[in-house]
Amino acid sequence: MPLDNIFAEMLERVRAANEALIAAGVLPSGIDQSRVTVEPPRDAAHGDMATNAAMVLAKDASRKPRDLAEMIAERLRADTLVDRVEVAGPGFINLTLRPAAWIDALQAALKLGGDYGRSDIGADMPVNVEYVSANPTGPMHIGHCRGAVFGDALANLLVFSGFKVTREYYINDAGVQVDLLARSAFLRYREALGENIGAIPEGLYPGDYLKPVGAALAAEYGDSLAKQSEVSWLPLVRDKAVVMMMAMIRADLAALNVKPDVFFSERSLIWGGEDQVGATIESLRQRGYVYEGRLPPPKGAPADDWEDREQMLFRSTAFGDDVDRPLKKSDGSYTYFASDIAYHRSKLERGFRELIDVWGADHAGYIKRMQAAVAALSDRSAGLDVKVVQLVKLLRAGEPVKMSKRAGEFVTLREVVDEVGRDAVRFMMLFRKNDAVLDFDLVKVLEQSRDNPVFYVQYGHARAQSVFRNARAAFADLPQDIAQLTGAADLARLSDPAELALMRQIALYPRVVASAAAAHEPHRIAFYLFDLASEFHALWTLGNASPHLRFIIQNDRQLTEARLVLVQGVATVLASGLALLGVEAPNEMR
RNA sequence: GCGCCCGUAGCUCAGCUGGAUAGAGCGCUGCCCUCCGAAGGCAGAGGUCAGGGGUUCGAAUCCCUUCGGGCGCGCCA
């Protein structure tokens with residue numbers, strides 16, 4: 001029987017034991033088992049797994065935790081997977097599994113291959129993951145990078161867990177920023193016509209990347225635009241510039257292997273006389289969440305131009321926000337928030353019940369109002385989870401890399417990817433919790449040592465492949481596909497504690513994937529892979545001092561085959577996890 | 001002033017949504033290895049989980065509060 005998720009399996013068995021106790025009248029019927037868990041204990045002396053069942057159920061059962069634990073333990077002792085059961089501490093039930101259980105788990109991993117760890121807990125629920133959403137006003141810089149990688153990896157994780165995922169990029173192409181972009185591009189256009197434009201004025205975009213836009217405009221329109229007034233050339237120039245900027249951004253994303261399914265234009269919300277923003281406000285108004293009123297002036301950050309006025313407000317305080325939020329500016333146009341509500345309404349109308357937004361740290365103050373809006377629009381039936389990714393501090397051998405946005409001299413994403421490679425960037429962006437500030441050292445990520453987790457994990461996979469190459473040299477008739485050994489090999493030969501430890505680590509993978517997906521925390525995969533690689537390298541190292549623990553034993557083909565299966569298990573999981581992170585699993589290190 | 005995030009070993013950080021005696025890497029100390037099974041190994045020291053209070057069988061984790069750091073606070077997006 002394959003154990004594709006041994007922890008989930010044991011949880012079922014613990015619950016079954018409790019059901020038996022209900023049938024026996026020891027536990028009251030209808031008792032809530034939802035808080036019962038089966039976890040790997042921190043301390044290996046406590047066995048392979050521990051369940052809190054007795055402690056969680058004790059109160060409802062009106063029994064002492066330890067007494068109840070003994071009764072549950074008695075049932076579990078009969079389990080075929082279980083070797084030893086002990087009641088410990090305040091009422092933990094510690095389980096030690098038979099080696100055969102871990103062997104079953106290893107076999108399941110190999111049988112499933114790239115599908116090991118995959119689950120259907122998402123039940124095909126449509127989830128929208130919106131990430132990056134950088135303004136289309138220039139190339140992506142390193143600050144955008146983390147959100148892009150995070151969103152992409154999270155999407156991978158959710159797909160793997162059975163959700164129906166749409167990856168989405170929101171193009172902010174409707175505000176003042178893109179008008180500034182158009183004016184900047186217009187200067188480059190005049191420059192392309194031969195005019196000396198001098199220095200780019202303060203407030204416009206100075207970067208050289210707009211020169212091709214100017215050249216393209218000159219090629220397309222000749223000097224005709226130069227004679228027109230701004231009102232007539234601006235829309236043309238803006239559209240051209242946005243299209244070319246988006247092409248650049250797509251290319252930047254592609255360098256990271258990030259490929260959104262949908263690029264959603266903010267301006268499309270108000271195209272062709274169809275005012276979706278107005279419709280959205282109307283829909284909120286019908287629900288009673290829009291009113292005309294006054295706001296208190298913001299404290300602490302005194303605005304000299306504060307004007308106390310009656311304005312159109314969204315009652316976000318009805319959903320836990322601190323203050324109601326304006327929907328229209330003083331000139332009567334919609335606020336960014338208003339169109340953002342309309343955008344999120346579009347997501348709801350497209351059938352998504354679970355929305356995930358990935359934002360930069362500077363937008364954190366925006367979360368409550370957006371969640372309020374989603375709750376209001378969906379009558380609380382849909383959820384919005386906002387993942388805030390914190391700043392990336394770029395270092396070179398410990399020294400901060402200067403990045404000033406002025407004069408366009410920011411560090412672009414492309415520069416970084418070109419310097420250290422996509423894999424290093426992607427892995428390191430995920431080797432930290434999203435809400436913690438991240439140090440990214442351009443020198444360290446290229447080191448070939450244990451200090452560098454990217455290297456260490458990839459090397460684990462490469463080393464496994466190297467074992468197979470050497471094994472084929474030693475035993476010429478080994479099958480090309482090592483996984484074919486799974487059925488034939490006598491895995492009971494894997495009995496060394498270090499080998500069992502590795503099997504336990506492999507068995508943990510589906511559990512890690514499930515919890516990372518549920519928590520929307522892809523970094524857990526990265527840390528898990530580092531642990532798995534560490535265990536694997538440790539076993540390899542044991543072979544130095546103890547040749548009988550090497551993977552390839554010349555005069556014992558049977559043992560070699562068993563160990564190759566174990567190594568294949570490691571390689572399978574490393575490759576799977578790296579794929580979730582969007583990082584290559586190399587066959588050799590160069 | 002208010003809101004959000006963070007505060008865990010000298011440093012950089014994990015800690016599986018409340019579990020048992022809080023972990024890893026680096027650095028430090030002491031041994032070993034340094035014939036490509038190369039891109040090191042073993043052991044050790046090192047903690048008031050920022051401080052205080054609360055919730056309960058049980059708190060680094062949840063709540064309140066104080067301190068320290070970061071981000072933000074109509075008419076930018």
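Chain letters run A, B, ... following the sequence lines, proteins first, then strands; residues in each count from 1. From a predicted model like this one, the values you see are computed outputs, not experimental measurements.
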Q: Generate the contact string for nucleotides 6-18 of chain B. Rules: B means base contact, S means sugar-phosphate contact only, - means no protein heavy atom under 4.0 Å.
A: S-----SSSSBB-
Q: For the side chain of A:V56, counting heavy atoms from C-beta on, which of B:rG40, B:rA77, B:rG19 is nearest?
A: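 Taking heavy atoms from C-beta onward, the closest nucleotide is B:rG19.
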Q: Just checking A:Q448: base, sugar-phosphate only, or nothing, at a heavy-atom cut-off of under 4.0 Å?
A: base
Q: Tell me, with the steps shown, if A:R146 and A:R432 meet side-chain contact (heavy atoms from CB on, under 4.5 Å).
A: CA-CA 11 Å; A:R146 192 175 181 186; A:R432 191 107 315 170; 4.0 Å; yes
Q: Taking atom P in both B:rU8 and B:rC73, compute the distance separating them and give it to the nearest angstrom.
A: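 Straight-line distance between the two P atoms is 27 Å.
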Q: Under 4.0 Å, heavy atoms only, any strand: does A:Y459 hit a base, just the sugar-phosphate, or nothing?
A: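 Base: the residue A:Y459, judged by heavy atoms under 4.0 Å, touches a nucleobase.
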Q: Can you classify the ring geometry of A:F455 versus A:Y459 as parallel (below 30°), tilted (30 to 60°) or perpendicular (above 60°)?
A: parallel
Q: With ring centroids as reference points, do A:F551 and A:F536 lie under 6.0 angstrom apart?
A: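 Judged by ring-centre distance (under 6.0 Å), A:F551 and A:F536 do meet the cut-off.
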Q: Are A:K368 and B:rG72 close enough that a side-chain N or O sits under 4.0 Å from OP1 or OP2?
A: no
Q: Can you tell me the distance, in whole Å, between the CZ atom of A:F337 and the C1' atom of B:rG74?
A: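 Result: 12 Å.
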Q: Got a second to check how far A:S576's OG is from A:Y116's OH, nearest 0.5 Å?
A: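 It comes to 9.5 Å.
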Q: If you draw the axis of the six-membered ring of A:F314, does the NZ or CZ of A:R369 fall within 45° of it and under 6.0 Å from the ring centre?
A: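 Pair A:R369/A:F314 does not count as cation-pi.
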Q: For A:R463 and B:rA39, give me the distance from atom CZ to atom P, rounded to whole Å.
A: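 Interatomic distance, CZ of A:R463 to P of B:rA39: 6 Å.
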Q: Determine, stepwise, if the pair A:R66 / A:E70 fulfils salt bridge (charged side-chain N to carboxylate O under 4.0 Å, His left out).
A: CA-CA 6 Å; A:R66 286 198 61 118; A:E70 278 302 342; 5.1 Å; no
Q: Could you check B:rU65 for me: syn (within 90° of 0) or anti?
A: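 It is anti.
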Q: With sugar-phosphate meaning primed atoms plus P, OP1 and OP2, does A:A88 contact a base, only sugar-phosphate, or nothing at under 4.0 Å between heavy atoms?
A: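 Since a base atom lies under 4.0 Å of A:A88, the category is base.
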Q: Determine the Euclidean distance between corresponding C1' atoms of B:rA24 and B:rC16; express it in Å to zero decimal places.
A: 15 Å
Q: Hey, does A:I552 reach any base, or is it just sugar-phosphate, or nothing, if we go heavy atoms under 4.0 Å?
A: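 Base contact.
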Q: Could you tell me how far apart A:D324 (CG) and B:rG74 (P) are, to the nearest whole angstrom?
A: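 One finds 15 Å between P of B:rG74 and CG of A:D324, rounded.
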Q: Need one value for A:E447: base, sugar-phosphate or nothing, where a base atom within 4.0 Å counts as base even if backbone is also close, heavy atoms only.
A: nothing
Q: Without decimals, in angstroms, what is the distance between A:E588 CD and B:rA38 C1'?
A: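 Whole-Å distance recorded here is 15 Å.
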Q: Expressed as a whole number of Å, how far does the C1' atom of B:rG46 sit from that of B:rG30?
A: 15 Å
Q: When you measure from the side chain of A:Q177, which nucleotide among B:rA39, B:rU21, B:rC76 comes out closest?
A: B:rC76
Q: Determine the contact category for A:Y528: base if any of its heavy atoms lies under 4.0 Å from a base atom, sugar-phosphate if only primed atoms, P, OP1 or OP2 are that close, otherwise nothing.
A: nothing
Q: Please indicate yes or no: is the ring centre of A:H363 less than 5.5 Å from the centre of the six-membered base ring of B:rG72, with the two planes inclined by under 30 degrees?
A: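 Not stacked: fails the 5.5 Å / 30° test.
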Q: B:rA20 C1' sits how many Å from A:F92 CZ, rounded?
A: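 Spelled out: CZ on A:F92 to C1' on B:rA20 is 5 Å.
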Q: Between A:R511 and A:F7, is NZ or CZ placed under 6.0 angstrom from the six-membered ring centre and within 45° of the ring axis?
A: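 Geometry flag: set, cation within 6.0 Å and 45°.
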Q: What's A:K328 touching, base or sugar-phosphate or nothing? Going by heavy atoms closer than 4.0 Å.
A: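 Result for A:K328 = nothing.
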Q: Is it the case that the ring center of A:F92 lies less than 6.0 angstrom away from the ring center of A:H46?
A: no
Q: Rounded to the nearest angstrom, tell me the gap between atom CG in A:D43 and atom P in B:rA24.
A: 12 Å
Q: Return yes if the base of B:rA20 and the side-chain atoms of A:N94 contain a donor-acceptor N/O pair under 3.5 Å, otherwise no.
A: yes
Q: If we take the P atom in both B:rC36 and B:rC31, what is their distance in whole Å?
A: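 So the two P atoms sit 26 Å from each other.
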Q: Please give the nucleotide sitting opposite B:rC4 as a Watson-Crick or G-U wobble pair, both distances under 3.5 Å, or none.
A: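 Per the H-bond distance test, B:rG70.
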Q: What contact category does A:N544 fall into here, base, sugar-phosphate, or nothing, at under 4.0 angstrom with non-hydrogen atoms?
A: sugar-phosphate
Q: Who is the Watson-Crick or G-U wobble partner of B:rU34, with both distances under 3.5 Å?
A: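 B:rU34 is unpaired by these criteria.
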Q: Carefully, step by step, assess A:K347 and A:E168 under the rule salt bridge (charged side-chain N to carboxylate O under 4.0 Å, His left out).
A: CA-CA 10 Å; A:K347 294 184 192 178; A:E168 193 151 319; 5.5 Å; no
Q: Taking the P atom of each, how far is B:rU12 from B:rA20, in whole Å?
A: 26 Å
Q: Given A:E499 and A:R563, is the salt bridge (charged side-chain N to carboxylate O under 4.0 Å, His left out) satisfied, shown in steps?
A: CA-CA 9 Å; A:E499 292 171 332; A:R563 287 181 176 165; 2.7 Å; yes
Q: Who passes salt bridge (charged side-chain N to carboxylate O under 4.0 Å, His left out) against A:D239, sequence neighbours left out?
A: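 For A:D239, the residues satisfying salt bridge (charged side-chain N to carboxylate O under 4.0 Å, His left out) (neighbours in sequence not counted) are A:R267.
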Q: Which value, in whole Å, describes the distance between the C1' atoms of nucleotides B:rU56 and B:rG19?
A: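 Straight-line distance between the two C1' atoms is 12 Å.
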Q: Let me know the distance between CZ of A:R369 and C1' of B:rC73, rounded to the nearest Å.
A: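 Rounded to whole Å, this separation is 8 Å.
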Q: Within the 4.0 Å heavy-atom criterion, would you say A:A174 contacts the bases, only the backbone, or no part of the nucleic acid?
A: nothing
Q: Are A:F527 and A:F431 close enough that their ring centres sit under 6.0 Å apart?
A: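 They qualify: ring centres under 6.0 Å apart.
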Q: Between A:E292 (CD) and B:rG74 (C1'), how many Å, whole number?
A: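 Taking CD of A:E292 and C1' of B:rG74, I get 14 Å after rounding.
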Q: Would you jot down, in residue-number order, the residues of residues 64-72 of chain A having a non-hydrogen atom under 4.0 Å from RNA chain B?
A: none
Q: In whole angstrom, give me the gap between the P atoms of B:rA50 and B:rG15.
A: 15 Å
